[in-house]
Number of protein chains: 2
Amino acid sequence: MEVTNSLKASKGSREEIKNYFSDSAKTKHCPITDILSRLSDKWTIHTIITLGKSESLRFTELKKLIPGISQRMLTVTLRTLEEDGLLTRTIFPQIPPRVEYKLTPLGRSLVGQLIELSDWANENMVHILRSREEYILKKV
Amino acid sequence: MEVTNSLKASKGSREEIKNYFSDSAKTKHCPITDILSRLSDKWTIHTIITLGKSESLRFTELKKLIPGISQRMLTVTLRTLEEDGLLTRTIFPQIPPRVEYKLTPLGRSLVGQLIELSDWANENMVHILRSREEYILKKV
DNA sequence: CTGGATCCGCGATGATACTG
DNA sequence: CAGTATCATCGCGGATCCAG
């Protein structure tokens with residue numbers, strides 16, 4: 001009954017698609033909210049940037065390069081990015097298995113902006129942290 | 001005693017601060033994950049961009065300009081941004097109350113990038129949606 | 001090596017009602 | 001107008017075990 005249910009359970013076929021899109025329609029009233037909320041699954045941006053620095057990477061390599069990510073979250077994140085067409089997943093049928101992840105042109109077109117954003121974060125971290133500190137002190 | 005304790009329940013005072021920072025330390029191993037995950041509370045980016053288009057806005061104005069946001073979430077988002085020093089909150093002591101929100105220079109320095117990002121989202125939405133569609137069909 | 005499947009807690013978010 | 005307080009829900013994300 002529940003043979004291969006990918007990550008988000010697929011039983012019906014048409015029914016599922018319908019649900020998928022109606023769900024989408026609800027959340028995705030606006031592309032900004034939609035795409036942007038995807039981008040920061042907490043791991044997505046990091047993943048894209050990491051991939052942006054290489055041609056392609058394997059699962060284990062990614063896991064090492066993204067500190068703190070769990071196996072599951074890496075899998076989920078990669079699948080989502082694949083769904084969105086931001087990266088490709090290539091399986092080499094060998095033993096042991098070898099799978100390579102690589103950004104698509106669409107994915108590449110994002111990397112620049114994300115790096116800028118992370119640079120901004122790095123540069124302004126100090127101010128933000130100090131601001132948070134002061135904010136708390138003000139209230140006590 | 002608990003005069004203005006914002007939204008996140010504060011009982012102790014020193015204790016609370018301690019927890020706050022230790023929590024921070026845990027999540028904030030890296031500035032990218034930290035700042036970036038804040039940015040897309042699903043509403044934050046939208047809020048910053050909206051404020052970026054005006055000099056300053058009032059609570060209700062913001063609520064109207066950000067479709068779908070709840071009163072509560074707007075409050076929370078604004079408070080977080082204030083904490084981080086990205087905007088200022090000015091209260092005019094009158095009846096009825098008047099509160100204005102305005103980006104700080106730090107906040108303004110982000111607007112450009114966020115607009116770029118949302119432009120990207122708008123431009124590539126179609127591809128992403130189609131990609132998702134194809135992805136589902138492939139699996140069925 | 002590269003994940004899939006499951007269980008589960010906690011925090012984020014929404015709905016609703018109330019206030020100065 | 002601009003919130004605050006409270007409750008209920010729901011999905012993220014971690015831990016763990018399993019498999020090709």
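Order of the sequence lines sets the chain letters (A, B, ...), proteins ahead of strands, with each chain counted from 1. Hydrogens, waters and symmetry mates play no part in the numbers below; they use all other heavy atoms, side chains included.
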Testing B/L57, B/L65, B/L114, B/T77 for side chain to side chain contact (heavy atoms under 4.5 Å, CB included) with B/T47, which one passes? B/T77
Taking A/L87 as the fixed residue, which of A/L78, A/T80, A/L106 is the one that meets the side chain to side chain contact (heavy atoms under 4.5 Å, CB included) rule? A/L78
Whole-Å distance, A/L74 CG to D/dG13 C1', equals 13 Å
Rounding to a whole Å, what distance do you find between B/F92:CZ and D/dC1:P? 16 Å
Under a single-linkage definition using a 4.5 Å side-chain heavy-atom cutoff for Ile, Leu, Val, Met, Phe, Trp and Tyr, are A/L74 and A/I91 assigned to the same hydrophobic cluster? yes
Checking the side chain of B/T104 only, and the main-chain atoms of B/G107 only, is there a donor and an acceptor separated by less than 3.5 Å? yes
Could you write out each protein N or O paired with an N or O of nucleotides 8-13 of chain C at a distance under 3.5 Å?
unit_1, atom_1, unit_2, atom_2, d
C/dT13, OP1, B/D41, O, 3.2

Can you tell me the distance, in whole Å, between the CZ atom of A/F59 and the C1' atom of D/dG20? 15 Å
Give every pair of a protein N or O atom and an N or O atom of nucleotides 18-20 of chain C that lie under 3.5 Å apart, one pair per line with the distance.
none

Spacing of B/K63 atom NZ relative to C/dA15 atom C1', expressed in whole Å: 12 Å
Could you tell me how far apart B/I66 (CD1) and D/dA2 (P) are, to the nearest whole angstrom? 14 Å
From OG (A/S109) to CG (A/L103), nearest 0.5 Å: 9.5 Å
Interatomic distance where CD belongs to B/E82 and P belongs to D/dA2 [whole Å]: 15 Å
Please report the distance, rounded to the nearest Å, between CD1 in A/I95 and P in D/dA19. 16 Å
Less than 4.0 angstrom between a side-chain N/O of A/Y101 and OP1 or OP2 of C/dG3, yes or no? yes
OG (B/S118) and CD1 (B/I45) are apart, to the nearest 0.5 Å, by 8.5 Å
With a cut-off of under 6.0 Å to the ring centre and 45° to the axis, is A/R89 in cation-pi contact with A/Y101? no
Taking atom P of C/dA15 as reference, at what distance in whole Å does atom CD1 of B/I69 sit? 12 Å
Short question: side chain of A/T44, backbone of A/R38 - any donor-acceptor pair under 3.5 Å? yes
Testing D/dT4, D/dC1, C/dG3 for proximity to the side chain of B/T60, the answer is D/dC1
So, taking the atom named CD1 in A/I66 and the one named CH2 in A/W43, what distance separates them when rounded to the nearest 0.5 Å? 8.0 Å
If you compare every side-chain N and O of B/R79 against the phosphate oxygens of D/dT4 (OP1, OP2), does one of them come in below 4.0 Å? yes
